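Working notes, beginning with the structure itself.
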Amino acid sequence: MEDEDDCPELVPIDSQPRPPAEQIPVTIITGYLGAGKTTLLNYILTEQHNKRIAVILNEFGEGSALEKSLAVSQAGELYEEWLELRNGCLCCSVKDNGLKAIENLMEKKGKFDYILLETTGLADPGAVASMFWVDAELGSDIYLDGIVTVIDAKYGMQHITEEKPDGLVNEAARQIALADLTIINKTDLVNEEELAQLRDTVSSINGLVKILATQRSRIDLSEVLDLHSFDNKNSANLAEKLHLVKSTRPHLDKSILTVTFEVAGNLSEDVLNIFIQNLLWEKTFKNKEGLPMSVIRLKGIVSLPGKTHQVMLQGVHELYELDETPELWGEKPRINRLVFIGRNLDRDVLQEQFISTVVQAGDRI
Ligand SMILES: Nc1nc2c(ncn2[C@@H]2O[C@H](COP(=O)(O)OP(=O)(O)OP(=O)(O)O)[C@@H](O)[C@H]2O)c(=O)[nH]1
Ligand SMILES: [Zn+2]
């Protein structure tokens with residue numbers, strides 16, 4: 001789906017659900033060491049916009065650092081604050097730590113319009129993303145808007161294809177697997193052929209992701225901000241978008257790839273939950289070599305019996321959510337579309353399992 005960018009549809013205003021007015025978007029900016037994350041942040045801060053943006057630098061969700069730097073851009077002026085964070089384990093305690101610190105800062109300084117968070121080059125953005133996502137559900141002031149991965153045009157390929165010792169995930173590839181947008185930066189350092197190769201590799205990992213190319217991370221802000229990748233605000237064309245996604249071939253034997261399939265019918269919600277939990281939590285699905293499938297990102301549109309609206313399925317790491325969208329099925333055929341991004345995924349095995357359990361149970365309802 002690279003460069004697939006359709007104009008927003010004209011929709012009557014009241015049919016557009018919005019997050020509650022006070023909720024503030026967080027965009028996670030990730031990418032391998034030196035790819036251009038900070039350059040992107042600085043660019044966003046200096047661009048013309050009327051937003052009051054809080055930028056969180058340094059790692060967030062690793063180790064037990066006591067102090068993190070937080071810079072706030074207000075009316076073009078950049079100033080820094082040092083915040084004390086009690087303990088850095090963001091993935092296991094939801095309402096604490098970094099998030100609390102942001103909320104405290106907002107109490108003190110007034111609200112921000114937007115939060116940008118740069119992870120370290122080696123971080124797993126999934127853990128950070130999960131935290132914000134869960135928190136939004138718990139009625140936080142903040143919601144996760146999207147994950148943006150910056151890739152070094154010159155060294156990206158090397159980072160992505162580097163083989164890791166058995167069982168370890170390649171961090172650069174995982175960052176791409178999780179991304180809603182990838183920015184291939186430093187295009188001044190490569191020729192067109194190298195750039196095209198890198199694009200192909202990126203889409204072979206993540207068949208859903210949009211790919212843009214930049215120099216000095218210069219990018220139209222509307223491409224980066226307000227993506228609404230984790231809520232149903234942009235669900236209008238999701239079914240069509242998912243329909244265009246293709247299963248990919250891995251660029252290396254054990255690398256991350258995308259698999260997708262479509263199946264008609266109504267699903268049993270209970271059995272669907274069991275299927276996803278087996279896949280994400282129990283890891284009971286194996287590919288033909290007997291290796292456990294591991295899903296990093298999951299997206300779908302499903303049809304549940306008795307529901308007139310399309311239901312969106314979203315997953316990051318071990319979290320997932322079924323969320324009714326404003327889209328009606330109407331006269332459209334009820335086709336479930338699922339996209340999985342991860343390792344050791346076997347499309348045929350997944351599809352067979354899905355049909356023999358979730359769809360068949362749905363048929364019996
Ligand atoms: N040639 C070239 N250099 C760039 C470009 N964009 C950024 N750089 C340089 O690349 C280096 C790394 O950029 P940063 O923005 O600090 O990268 P980062 O991802 O934040 O790096 P870490 O936080 O250390 O992981 C800096 O020296 C930038 O000036 C570009 O488009 N072309
Ligand atoms: Zn940086």
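For ligands, and for the atoms within them, numbers begin at 1 and follow the listed sequence. Not measured: the values here are computed from a predicted model. The basis for the numbers below is simple: all heavy atoms, side chains too, and nothing from hydrogens, waters or symmetry mates.
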Among the heavy atoms of [X], does any lie under 4.0 Å from an atom of ligand 1?
X: K154; result: no
X: S217; result: no
X: G31; result: no

Charged N-O contact under 4.0 Å between [X] and [Y]:
X: D226; Y: K51; value: yes
X: K154; Y: D188; value: no
X: K283; Y: E318; value: yes
X: E223; Y: K210; value: yes

Geometry only, no angles: is [X] polar-contacting ligand 1 at N/O separations under 3.5 Å?
X: T38; result: yes
X: G34; result: yes
X: L189; result: no
X: A35; result: yes

(message) I need the E352 CD to D346 CG distance, nearest 0.5 Å.
(response)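 Interatomic distance, E352 CD to D346 CG, rounded to 0.5 Å: 8.5 Å.
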
(request) Could you tell me the separation between the CG atom of L212 and the OG atom of S217, rounded to the nearest 0.5 Å? (result)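 L212 atom CG to S217 atom OG measures 11.5 Å (nearest 0.5 Å).
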
(request) Please find out if the Zn ion (ligand 2) and some N, O or S atom of T38 are separated by less than 2.8 Å. (result)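 For T38, the answer is yes, given that an N, O or S atom comes within less than 2.8 Å of the Zn ion (ligand 2).
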
(request) Classify the angle between the aromatic ring planes of F354 and F275 as parallel (below 30°), tilted (30 to 60°) or perpendicular (above 60°). (result)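 Perpendicular: the ring planes of F354 and F275 meet at over 60°.
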
(message) Please compare D188, N42, T39 and report which has the shortest non-hydrogen distance to atom 32 (N) of ligand 1.
(response)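 Result: the heavy atom closest to atom 32 (N) of ligand 1 is in D188.
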
(message) Given R218, E118, R216, K37, identify the one with the heavy atom nearest to atom 31 (O) of ligand 1.
(response)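 Closest candidate by heavy-atom distance is R216.
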
(request) Give a yes-or-no answer on whether the side chains of Q310 and R334 include a donor-acceptor pair shorter than 3.5 Å. (result)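 Not at all, the side chains of Q310 and R334 share no donor-acceptor pair under 3.5 Å.
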
(message) Report the atom name of the nearest N/O/S atom of E118 relative to the Zn ion (ligand 2).
(response)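 It is OE2, the N, O or S atom of E118 closest to the Zn ion (ligand 2).
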
(message) Evaluate N170 against E162 for side-chain contact (heavy atoms from CB on, under 4.5 Å), listing each step before the verdict.
(response) CA-CA 7 Å; N170 176 306; E162 192 184 331; 4.0 Å; yes

(request) State the atoms of ligand 1, each with its element, that fall below the 4.0 Å cut-off from a heavy-atom position in Q215. (result)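 Once the distances to Q215 are compared, the set is 31 (O).
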
(message) Checking contacts here: is it the side chain or the backbone of V150 that comes within 4.0 Å of ligand 1, counting heavy atoms only? Could be both or neither.
(response)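 For V150, there is no contact with ligand 1 at all, from either part.
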
